[in-house]
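Notes to accompany the following structure.
Numbers restart at 1 for each chain; the letters A, B, ... are given by sequence-line order, proteins then strands.
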Number of protein chains: 2
Amino acid sequence: MDKSLISAPIPTIRRLPKYIHMLKRLKIENVLYVSATTIAHELKIEPILVRKDLSITGIIGKPKVGFEVEELIASITQFLNWNNTEDAFIIGVGALGEAILGYSGFKDYGLNIIAGFDIDKKKIGKKIFGVEILPLDSLEDLIKRMHINIGVLTVPASESQEICDSMVSSGIKAIWNFSPIALQVPDEVILENVHLSQSLAVLTHKLAKKLKG
Amino acid sequence: MDKSLISAPIPTIRRLPKYIHMLKRLKIENVLYVSATTIAHELKIEPILVRKDLSITGIIGKPKVGFEVEELIASITQFLNWNNTEDAFIIGVGALGEAILGYSGFKDYGLNIIAGFDIDKKKIGKKIFGVEILPLDSLEDLIKRMHINIGVLTVPASESQEICDSMVSSGIKAIWNFSPIALQVPDEVILENVHLSQSLAVLTHKLAKKLKG
DNA sequence: TTATAATCGATAATTTTATATCGATAATAA
DNA sequence: TTATTATCGATATAAAATTATCGATTATAA
């Protein structure tokens, strides 16, 4: 059966990429097997949690040796559907949008950004890191015609809801949102937010406690 | 008593910035009071959860009307220690580092990046978004002399552990790490990771389920 | 070959986080 | 003034996530 259809705990899904990072390094180092204990020690989590997380992807380990590295990478990759890359558009090619375009690694994470959109005429027509920048006006049409499922939203907060709405009405299935705003989308549209302020909040709060306490 | 010393659930801390974003918008719209119900509706969470989150910061609401917007912003800001901005260094001024420098909003989140570090001689000496870029060699010395507590790490994975080590030995207290690697730091150093792959994993997994199921 | 030790994976217990219930309070309208 | 209603906040319950326990399994060494 297809394990990727199982509903896993969100915390588990968020840890899976960590395992992949480590496993890929091990593969480069020609390590064939790795135990949950070893993974846990490096990632500073409990071994039992690692076993639980991994078992969700359907992998089966061997007592005394652990898991086959390559098989484990494949199992997690399959679970996250990172073996089937989805074509995506990025909307807003400012500093952040460029940084995302510059990071070539997303193809390993199932994401293939094939075009960027912006209103800035200086950018339209240019290629940034090999990706062509198109006028924002053409976004709706191209989402429909090319059946694009994922939109990466890196525009200023003031414009993001409007662009979000137009993507939704064009049939987008998932939005990876970097603008610091609580976007309103219909239930059937998947919305995943990257709000750096959230991560920073944890850091500053811990630091304040440390410095005061 | 100082509420910011209380240990709050991490999920709560991660939601606090969302409240701030919304509240600041309300303030601009001259809204004086807001209820947990209203906040919850906009952010798509349960009202009771909002009340619990907010109460952790020490705020007290008024039955029938809710919370005073301005007071609430102050309460959360204080709790996260975002009223006292910490000076920070950023290490690695590639596409991502530049994007972070370009985002002026971090000052509102308690973070003031006052210098960047890189090995690229073309960048050293230049100013990027008003922040001077210095040679990586001078990092340790400056952390010590300026008593910098926070380092933002935006270098490639291959170099991040080494730089991390040197920051730790120079006395850094907290590291905001953007390189996709599990950094090893002593227990007393606060490590907060931003791994975009984690967020992307949640999105791709949900999308795969949606498209298949 | 047999004993030993490391690890897996199923089940159970614990902890953390989220949600529900309900009396108390204060604004609004009758 | 009094009734009504929305909301708060304390306490209790439920759900989710993590951690512990333990028998089964298999490589390694005696």
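Among residue pairs with one or both ends in residues 33-77 of chain A, none qualify as ring-ring contact (aromatic ring centres under 6.0 Å, His included); sequence neighbours excluded. Pairs of residues two or more places apart, or lying in two chains, that qualify as ring-ring contact (aromatic ring centres under 6.0 Å, His included) and include a residue from residues 153-197 of chain B are B:Phe106-B:Trp176, B:Trp176-B:Phe178.
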Inset, instruction - Sugar-phosphate means primed atoms, P, OP1 and OP2; the rest is base. With that split, encode nucleotides 17-30 of chain D 5' to 3' as B, S or - using protein heavy atoms under 4.0 Å. - result: SBBB----BBB---
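The nearest whole Å value for the distance from the CG atom in B:Leu32 to the P atom in C:dA27 is 14 Å. Atom C1' of nucleotide D:dA10 and atom CD1 of B:Ile56 are separated by 14 Å, given to the nearest angstrom. Following rounding to the nearest Å, A:Ile60 (CD1) and C:dA10 (C1') show an atom-to-atom distance of 13 Å. Protein atom CD1 of A:Ile39 is 15 Å distant from nucleotide atom C1' of C:dG9, rounded to whole Å. Protein atom CZ of B:Arg14 is 17 Å distant from nucleotide atom C1' of C:dA18, rounded to whole Å. Between the OH atom of B:Tyr33 and the P atom of C:dA26 there is a distance of 12 Å, given to the nearest Å.
Every residue two or more places apart in sequence or in another chain that forms a ring pair (Phe, Tyr, Trp, His ring centres under 6.0 Å) with B:Phe89 is listed here: B:Phe117. For B:Gln198, the side-chain hydrogen bond (donor to acceptor under 3.5 Å, both in side chains) test picks out no residue, with sequence neighbours left out.
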Residues 151-160 of chain A side chain polar contacts: donor-acceptor under 3.5 Å, at least two apart:
from, atom 1, to, atom 2, distance (Å)
A:Thr154, OG1, A:Ile91, O, 3.1
A:Thr154, OG1, A:Gly92, O, 2.5
A:Ser160, OG, A:Ala157, O, 3.1
A:Ser160, OG, A:Ser179, OG, 3.3

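Contact between the side-chain N/O atoms of A:Ser35 and the OP1/OP2 oxygens of C:dT7 is found at a separation under 4.0 Å.
Counting all heavy atoms, side chain and backbone alike, B:Asp118 lies closest to B:Ile133 at CB-CG2, 4.1 Å.
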